[in-house]
Amino acid sequence: VQLQASGGGLVQAGGSLRLSCTASERTFSAYVMGWFRQPPGQEREFVAAISRSGGSTSYVDSVKGRFTISRDNAKNTVYLQMNSLKPEDTAVYYCARSLAILPTIRSAYNLWGQGTQVTVSS
């Protein structure tokens, strides 16, 4: 079982990116999915999570109103649409899966993708 993240890149402040994370399993819909990020020299931090059906979401305050998490269970894929990007959003972004209810802590996630770099220039 793997999670494959993609979609990162270099963008100017104010720009947009959409990250994707595809799971190599048919049980994708059984898991809550989350996105975390790790800025340079800092700890990995929670960004967003989405429930199994996609009906509930959770965000860290710093991205509310700018980022949107969504999922397509038919495609085993979770997305993170990032708008109005800021230099402080620069980080490696990771997707992960959990059996908990919209968890925001790393230890609640039991499978991680490899990460995709997002760099926002000022």
Can you tell me how far [atom2] of [Y] sits from [atom1] of [X], rounded to the nearest 0.5 angstrom?
X      : Y     : atom1 : atom2 : value
Ser70  : Arg18 : OG    : CZ    : 7.0 Å
Glu88  : Ser62 : CD    : OG    : 8.5 Å
Asp72  : Ser29 : CG    : OG    : 11.0 Å
Asn110 : Arg97 : CG    : CZ    : 5.0 Å

When you measure from the side chain of [X] to the backbone of [Y], do you find a donor-acceptor pair of N or O atoms at a distance under 3.5 Å?
X      : Y      : value
Tyr93  : Gly7   : no
Thr90  : Val120 : yes
Gln114 : Gln4   : no
Ser24  : Gln2   : yes
Arg66  : Ser84  : yes

A side-chain contact here means heavy atoms from C-beta on lying under 4.5 Å apart; do [X] and [Y] qualify?
X     : Y     : value
Asp89 : Arg37 : yes
Thr27 : Val1  : no
Leu3  : Met33 : yes
Val32 : Arg52 : yes

So, for [X] and [Y], which heavy atoms are closest and what is the spacing to 0.1 Å?
X      : Y      : answer
Thr104 : Ser58  : CG2-OG, 4.2 Å
Ser122 : Ala13  : CA-CB, 4.4 Å
Gly8   : Leu19  : N-CD2, 3.6 Å
Ala100 : Ala108 : CB-CB, 4.4 Å

Stepwise, does the side chain to side chain contact (heavy atoms under 4.5 Å, CB included) test hold for Val60 with Glu45? CA-CA 9 Å; Val60 66; Glu45 62 182 11; over 6 Å; no

ring-ring contact (aromatic ring centres under 6.0 Å, His included) contacts in which one or both residues fall within residues 8-36, not counting sequence neighbours: Phe36-Phe46, Phe36-Tyr109, Phe36-Trp112

With the 4.5 Å side-chain cut-off for hydrophobic clustering, are Leu99 and Ile69 part of the same group?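 Both belong to a single hydrophobic cluster.
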
Do Tyr79 and Val92 sit in one hydrophobic cluster, given that two such residues count as connected whenever their side-chain heavy atoms are within less than 4.5 Å of each other, even indirectly?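 No, no single cluster joins them.
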
Going through the checks in order, is the side chain to side chain contact (heavy atoms under 4.5 Å, CB included) test met by Phe67 and Leu17? CA-CA 10 Å; Phe67 291 11; Leu17 283 174; over 6 Å; no

May I ask you to say whether Asp61 pairs ionically with Lys64, meaning some side-chain N is under 4.0 Å from a carboxylate O?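 Salt bridge between Asp61 and Lys64, a charged N being under 4.0 Å from a carboxylate O: yes.
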
Testing the 3.5 Å rule here: is there a donor-acceptor pair between the side chains of Asn83 and Ser16? yes

Decide side chain to side chain contact (heavy atoms under 4.5 Å, CB included) for Thr116 and Ser6; before the verdict, give the C-alpha distance in whole Å, the side-chain angles of both, and the deciding distance to 0.1 Å. CA-CA 6 Å; Thr116 184; Ser6 62; 5.5 Å; no

Check this for me: Leu111, atom CG, are more than 12 non-hydrogen atoms of other residues, nucleotides or ligands nearer than 6.0 Å? yes

